[in-house]
Amino acid sequence: MSDAMDMLGCTDTGLPGLLRMSGADAVVGPAYTLQYVPVAHGEEAPAGDFIDAVPAGSVVVIANDGRTHCTVWGDILAEAALQRGVAGTIIDGACRDVGALRSLGYSLWSRAAYMKTGKHRVRLDALQKPITVCGVRVAPGDIVVADDAGALIVPAALAEATAEAVLKVHAAEEAIRAQLAAGVPLKEARRRNGYNALGMTRQ
């Protein structure tokens, strides 16, 4: 998928700095976006009650400006998300209850894990609006793709073109594997299948 985005000249859709905290499977789904902002000391800011509105199959994408001193996701939210069929969560910030998240098998990526609650430290400011996560603009409905290597965003308008490019990359890689198994040197197999030219449009 990342190579396909390179082919289309979309080189700034990866979300650097995120690590898989829990879950095992690859996740693909439309983004359901949330924006958190800090609150002044002493200001009341309860936990964000949004999960009941998230459609099944969505990936919750939370912009918390990379804050790692407090969390915006824990095991109770994960349990509710699983009940609703939510595909996973991306956080530009921190989560907590990692052991419980792993026991649940819920797929989550974040910058860090930390125990301090986000209640009365940050508040939910916007829901289903364009946000910026790890320096990347994410609009509601953009496609989130995430696995053990990290996460990236496919703009909704490029979904079809990206799928076509993915098929080209996949076909080239499968051909290379078959030729390697037949004894063809890697350099020659790559040349035969135009592998090094697949990302020529990237900047």
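The structure presented is a predicted model; accordingly, all values stated were derived computationally and were not measured.
- Each of W109 and I62 belongs to its own hydrophobic cluster when Ile, Leu, Val, Met, Phe, Trp and Tyr are linked at side-chain heavy-atom distances under 4.5 angstrom.
- Scanning for side chain to side chain donor-acceptor pair (under 3.5 Å) contacts around D147 gives an empty result, with sequence neighbours left out.
- A chain of hydrophobic side-chain contacts below 4.5 Å, direct or via other Ile, Leu, Val, Met, Phe, Trp or Tyr residues, connects Y195 to L180.
- Contact annotation: the side chain of T33 never approaches that of L127 to less than 4.5 Å [non-hydrogen atoms, C-beta and beyond].
- Side-chain atoms of H120 do not come within 3.5 Å of backbone N or O of E44 as any donor-acceptor pair.
- Atoms CD1 and CD1, on I51 and I76 in that order, are 12.5 Å from each other to the nearest 0.5 Å.
- Applying the salt bridge (charged side-chain N to carboxylate O under 4.0 Å, His left out) test to residues at least two apart or on different chains, the pairs with a partner in residues 100-113 are D92-R111.
- At a threshold of 4.5 Å between non-hydrogen side-chain atoms, the residues V39 and V37 do not count as touching.
- Looking at residues two or more places apart in sequence or on another chain, you find a salt bridge (Lys or Arg N to Asp or Glu O under 4.0 Å) between E174 and R177.
- Separating the CZ atom in R190 from the CD atom in E173 is a distance of 9.5 Å, to the nearest 0.5 Å.
- Both V27 and V61 sit in one connected hydrophobic cluster of ILVMFWY residues. Membership requires side-chain heavy atoms under 4.5 Å apart, directly or through other members.
- With hydrophobic clusters built from ILVMFWY side chains whose heavy atoms lie under 4.5 angstrom apart, L82 shares a cluster with Y32.
- Between the side chains of N193 and Q179, at least one donor N or O sits under 3.5 Å from an acceptor N or O.
- When atom types are taken as modelled, the side chain of S58 and the backbone of V60 share no donor-acceptor pair closer than 3.5 angstrom.
- Residues V138 and T132 have side chains not in contact (no heavy-atom distance under 4.5 Å, counting atoms from C-beta outward).
- Atom CE in M115 sits 10.5 Å away from atom OG1 in T71 (nearest 0.5 Å).
- Look at E188 and R192 and you find a salt bridge, because one of the NZ, NE, NH1 or NH2 atoms lies within 4.0 Å of a carboxylate O, short of that distance.
- For M21 against C95, the heavy-atom pair with the smallest separation is CG-SG, 4.0 Å.
- Nearest heavy-atom pair across V122 and C70 is CG1-SG, 4.0 Å.
- Sorted by first and then second residue, the ring pair (Phe, Tyr, Trp, His ring centres under 6.0 Å) pairs involving residues 67-92 (not counting sequence neighbours) are W73-Y106.
- Here R123 pairs with D125 under the salt bridge (Lys or Arg N to Asp or Glu O under 4.0 Å) rule; sequence neighbours left out.
- Cluster annotation: V98 is not connected to Y114 through the hydrophobic network of ILVMFWY side chains, with a link wherever side-chain heavy atoms come within less than 4.5 Å.
- Residues G74 and L101 share a closest heavy-atom pair of O-CD2, 3.9 Å.
- No side-chain heavy atom of T89 sits less than 4.5 Å from a side-chain heavy atom of V59.
- No side-chain heavy atom of V133 sits under 4.5 Å from any side-chain heavy atom of V136.
- At least one side-chain heavy atom of I143 sits under 4.5 Å from a side-chain heavy atom of V28.
- Remark: the backbone N or O of T117 is paired with a side-chain donor or acceptor of R121 at under 3.5 angstrom.
- Heavy atoms only, all atoms of each residue included: A146 and A151 are closest at CB-CB, 3.7 Å.
- Here M5 contributes atom CE and T11 contributes atom OG1; the two are 9.0 Å apart, rounded to the nearest 0.5 Å.
- Rounding to the nearest 0.5 angstrom, the gap separating the CG atom in D3 from the NZ atom in K168 is 14.0 Å.
- Considering all non-hydrogen atoms of both residues, Y36 and R67 come closest at O-NH1, 3.6 Å.
- Applying the salt bridge (Lys or Arg N to Asp or Glu O under 4.0 Å) test to D148 and every residue at least two apart in sequence or in another chain returns R20.
- Expressed to the nearest 0.5 Å, how far CD of Q128 lies from CG of L34 amounts to 7.5 Å.
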**OP:** Applying side chain to side chain contact (heavy atoms under 4.5 Å, CB included), run through F50 and L124 and close with a yes or a no.
**Re:** CA-CA 9 Å; F50 59 85; L124 182 59; 4.2 Å; yes

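- Checked by atom type and distance alone, the side chain of R96 never pairs as donor or acceptor with a backbone atom of A113 at under 3.5 Å.
- Heavy atoms only, all atoms of each residue included: G14 and L152 are closest at CA-CB, 3.8 Å.
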